[in-house]
Structures are given as structure tokens and as C-alpha cells.
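Input: a single structure, listed below in C-alpha cells.
Sequence positions, counted from 1, serve as the residue numbers for this chain. Here the structure is a predicted model, which is why all the values come from computation and not from measurement.
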Amino acid sequence: MSNAAMIDRYRWWEIILIYCGIALFLFFVLSPFVEGFLVSLKPLSQLFSSPYRFWPENGSFEAYRTMWISVPGFGRYIFNSFFISTVVTLIVLCLVIPAAYAFAKFEFRGMGILLGAFLTVNMFSGAVLLIPLFRLMRSMGVLNTYLAMIVPGVAFLIPSAIWLLRTYMIRIPQELNEAAYMDGASHFYTLRRVILPIAMPGIIVVAITTFIGAYAQQFIFALTFNSKTEYMPLPVGLFAYFGKQEVIWNELMAASFVGIAPAMVVIFFLQRYLVGGLTAGAVKQ
């Protein structure tokens with residue numbers, strides 16, 4: 001077998017096709033974000049001009065200033081979304097890590113049924129269960145509080161998180177569990193001291209996906225279980241830019257980019273730790 005690097009085995013025209021395919025994929029992925037950012041720089045009168053101009057004429061960041069005036073308390077909406085998503089992520093991780101460890105490393109009666117039930121839960125949309133969830137939230141006395149959005153957020157995100165982390169933990173050698181057991185370690189000690197350090201990249205992936213999911217699914221829960229502005233999350237704040245007569249598109253786009261900035265910062269730093277965890281041990285010390 002040739003010792004040449006895999007990339008050197010491609011012909012020059014194959015390499016060009018590969019990079020063209022990557023560029024085409026990135027174009028379709030990034031073009032909506034680029035267009036949204038350019039819309040935020042345009043005056044509202046230019047958005048419906050004919051012919052349509054892709055690049056803004058006399059563009060400015062004025063919408064990023066006026067968006068705070070159009071929707072008072074928009075900063076509170078951003079804080080609420082960030083707070084709810086953070087709490088949901090922490091609760092999900094606390095519940096999912098031991099559950100995924102049990103499903104990955106032990107055989108017990110009904111395990112397959114439980115895993116299938118988790119998949120079934122993921123098939124239901126939150127809108128289908130709004131009425132029973134509303135009655136449950138009312139009986140718990142948590143309507144018009146942060147818990148009204150945290151509790152259903154945790155419930156809907158736990159199943160997919162268990163499946164994702166279980167898949168990662170299955171790849172951890174069972175011999176580590178057996179060796180810790182032979183040394184007299186309890187299951188909790190083994191999870192805390194042996195499994196968690198190895199599974200940290202998978203845990204960070206679950207944290208990222210859970211945080212994104214919690215940040216994105218707050219709209220329908222907030223409108224149904226909350227009527228107080230001080231607890232409303234970012235999606236409800238963005239909906240305020242939809243007026244009765246028109247939509248303030250430039251301010252809506254500006255608010256969207258400002259609103260997702262905290263989540264992007266968190267994901268950026270988590271990705272750094274993720275890459276560090278994936279590459280740890282790849283080079284001999």
C-alpha cells in the first residue's frame with residue numbers, strides 16, 4: 001500500500017471538484033445569513049424597491065440602534081432566553097449523564113422498551129401536547145414563571161440527549177468498568193472518576209445541541225404558559241417586530257443577529273473545548 005497521503009491520491013481535477021462542492025455547500029448554508037445581515041443594513045424603503053438591490057445603497061447600522069426603541073426591554077428578552085437555555089442544559093446534563101451511562105454499560109429488563117419510548121417522545125411536537133402540558137403547569141402552579149418554560153424544555157430534550165450520549169459512551173471500552181469494579185469502585189465512583197473524563201467530548205456535544213434546542217423552542221411554550229413580559233424569551237421579542245400593517249424587516253434582522261450573539265459566543269467556546277477533547281491523546285506524550 002502506498003505511503004502517500006490520502007489527499008495526494010486525488011487527481012488535480014478531482015481536488016477542484018471537491019473544493020467546488022464544498023464551496024457550493026457553504027454558499028447555500030451561509031447565503032441566508034449574509035442576506036439577513038445585508039437586510040439589517042438597508043433602510044426599510046430599499047427592501048421593496050424594484051429592481052431589488054442585493055448590496056445596500058447607503059447602508060448603515062441605524063437599525064441596530066432603533067431596534068431597542070421599537071421593542072422596549074429587548075435586552076430582557078435576550079437575558080431570559082439565555083437564562084432558560086442555560087438552566088435547561090444544566091438540568092438535562094445532570095439527568096442524562098447517569099441515564100446514558102446506565103443504558104450504555106448495563107443490561108437490564110425493559111431497556112429496549114425504554115429506548116424505544118424515548119424515540120416515540122421525540123416524534124411528538126410540542127404543539128400536540130400543549131393542552132395537557134398547560135393543565136400540568138397549572139396544577140403545579142408554575143404558570144407565568146421561568147419554570148413554565150424550563151420544565152417542558154427539559155422533558156422534550158432529554159430523550160434525544162440520552163440517545164446521543166449513550167452512543168458515545170458505548171464506544172468507551174467495557175474493560176474500564178470491569179477494572180474499576182475489580183478494584184472495589186462503586187458505579188457512581190466509576191462514572192465520576194473513569195467515564196466522565198473520557199466522555200467529556202460527547203458531553204460537550206450534548207450540551208451544545210441541548211442549548212441550541214432550548215434556545216430555539218421557547219416561542220410556543222412562552223405564548224402558552226406565560227403572559228408576563230418580564231419572563232418572555234427572545235422569540236417573543238422578535239415577534240413584536242411584526243406590526244399590524246407591516247413588518248419592520250431591517251430591525252427584525254438586526255434584533256435576530258443581536259439576539260443570537262450570546263448563544264454563538266457560548267457555542268464558540270464550547271467548540272474549542274470539544275476540539276481539544278477530541279484531539280487529546282492523539283499524539284504520544
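Placement of Ile170 and Met200 in two distinct hydrophobic clusters is found when ILVMFWY residues are connected by side-chain heavy-atom separations under 4.5 Å, directly or transitively. Under the 4.5 Å side-chain contact rule for hydrophobic residues, Val258 and Phe33 do not share a cluster. In the hydrophobic clustering of ILVMFWY residues, with side-chain heavy atoms under 4.5 Å counting as a link, Leu191 and Phe108 come out together. Linking ILVMFWY side-chain heavy atoms closer than 4.5 Å, directly or via other members, places Phe188 and Leu176 in two distinct hydrophobic clusters. The hydrophobic cluster containing Leu143 also contains Leu223, counting ILVMFWY residues as joined when their side-chain heavy atoms lie under 4.5 angstrom apart, directly or transitively.
The distance from atom CE of Met169 to atom CG of Leu164, rounded to the nearest 0.5 Å, is 11.0 Å. The distance from atom CG of Leu41 to atom CD of Gln46, rounded to the nearest 0.5 Å, is 10.5 Å. Here the straight-line distance linking atom CD1 of Ile248 with atom CZ of Phe242 works out to 10.5 Å at 0.5 Å rounding. Atom CH2 of residue Trp13 and atom CD1 of residue Ile18 lie 9.5 Å apart, to the nearest 0.5 angstrom. The distance from the CG atom of Leu95 to the CG atom of Leu90 is 11.0 Å, given to the nearest 0.5 Å. A distance of 9.0 Å separates CZ of Phe221 from CE of Met137, quoted to the nearest 0.5 Å.
Within 6.0 Å of CH2 on Trp68 lie more than 12 heavy atoms contributed by other residues, nucleotides or ligands. Within 6.0 Å of the CG atom in Leu30, the count of heavy atoms belonging to other residues, nucleotides or ligands exceeds 12. Enclosure of atom CD1 in Ile22 by more than 12 non-hydrogen atoms of other residues, nucleotides or ligands within 6.0 angstrom is indicated. By the 6.0 Å contact criterion, CZ on Phe106 is enclosed, its count of non-hydrogen atoms from other residues, nucleotides or ligands being greater than 12.
Val87 places none of its side-chain heavy atoms less than 4.5 Å from the side chain of Tyr146. Leu129 has its side chain within reach of Phe156: a pair of non-hydrogen atoms, C-beta onward, lies under 4.5 Å apart. Side-chain contact check for Tyr101 versus Ile195: some heavy-atom pair is nearer than 4.5 Å. No side-chain heavy atom of Val88 sits under 4.5 Å from any side-chain heavy atom of Tyr215. Ile203 is listed as a side-chain neighbour of Leu165, based on a closest heavy-atom distance under 4.5 Å. Looking only at side-chain heavy atoms (C-beta outward), Arg138 and Arg135 come within less than 4.5 Å of each other. With a 4.5 Å cut-off on side-chain heavy atoms, Glu14 and Leu17 do not count as touching.
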Test Val236 against Asn80 for side-chain contact (heavy atoms from CB on, under 4.5 Å), laying out the working first.
CA-CA 11 Å; Val236 178; Asn80 289 340; over 6 Å; no
Stepwise, does the side-chain contact (heavy atoms from CB on, under 4.5 Å) test hold for Phe225 with Val151?
CA-CA 11 Å; Phe225 308 139; Val151 172; over 6 Å; no
Full working for side-chain contact (heavy atoms from CB on, under 4.5 Å) between Leu238 and Leu252
CA-CA 6 Å; Leu238 295 178; Leu252 174 62; 4.0 Å; yes
Evaluate the criterion side-chain contact (heavy atoms from CB on, under 4.5 Å) for residue pair Val71 and Tyr77; output intermediate values, then yes/no.
CA-CA 10 Å; Val71 180; Tyr77 292 123; 3.8 Å; yes
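Counting all heavy atoms, side chain and backbone alike, Pro98 lies closest to Leu93 at CD-O, 4.4 Å. When every heavy atom of Val247 is checked against every heavy atom of Leu44, the shortest pair comes out as O-CD1, 4.1 Å. Heavy atoms only, all atoms of each residue included: Ala255 and Phe74 are closest at CB-CZ, 3.5 Å. The shortest heavy-atom contact between Ser70 and Tyr241 is CB-CE2, 4.0 Å. Across Tyr231 and Met149, no two heavy atoms sit closer than the pair O-CE, 3.2 Å. When all heavy atoms of Gly36 and Phe257 are compared, the closest pair comes out as C-CE1, 3.5 Å.
Ring geometry for Phe61 versus Tyr64: interplanar angle of 30 to 60°, hence tilted. Note on ring orientation: taking the six-membered ring where Trp is involved, the planes of Phe211 and Phe82 are perpendicular (angle over 60°, cut-offs 30° and 60°).
Using modelled atom types, one side-chain atom of Ser139 and one backbone atom of Leu136 make a donor-acceptor pair closer than 3.5 Å. Although no hydrogens or angles enter the test, the distance criterion places a donor-acceptor pair under 3.5 Å between the side chain of Trp163 and the main chain of Leu115. When atom types are taken as modelled, the side chain of Asn250 and the backbone of Pro43 share no donor-acceptor pair closer than 3.5 angstrom. A donor-acceptor pair under 3.5 Å is formed between the side chain of Lys105 and the backbone N or O of Ile172. Thr209 places a side-chain N or O within 3.5 Å of a backbone atom of Val206 that can act as its donor or acceptor partner.
Residue pairs that meet the salt bridge (Lys or Arg N to Asp or Glu O under 4.0 Å) test with at least one member in residues 63-75, sequence neighbours left out, are Glu62-Arg65.
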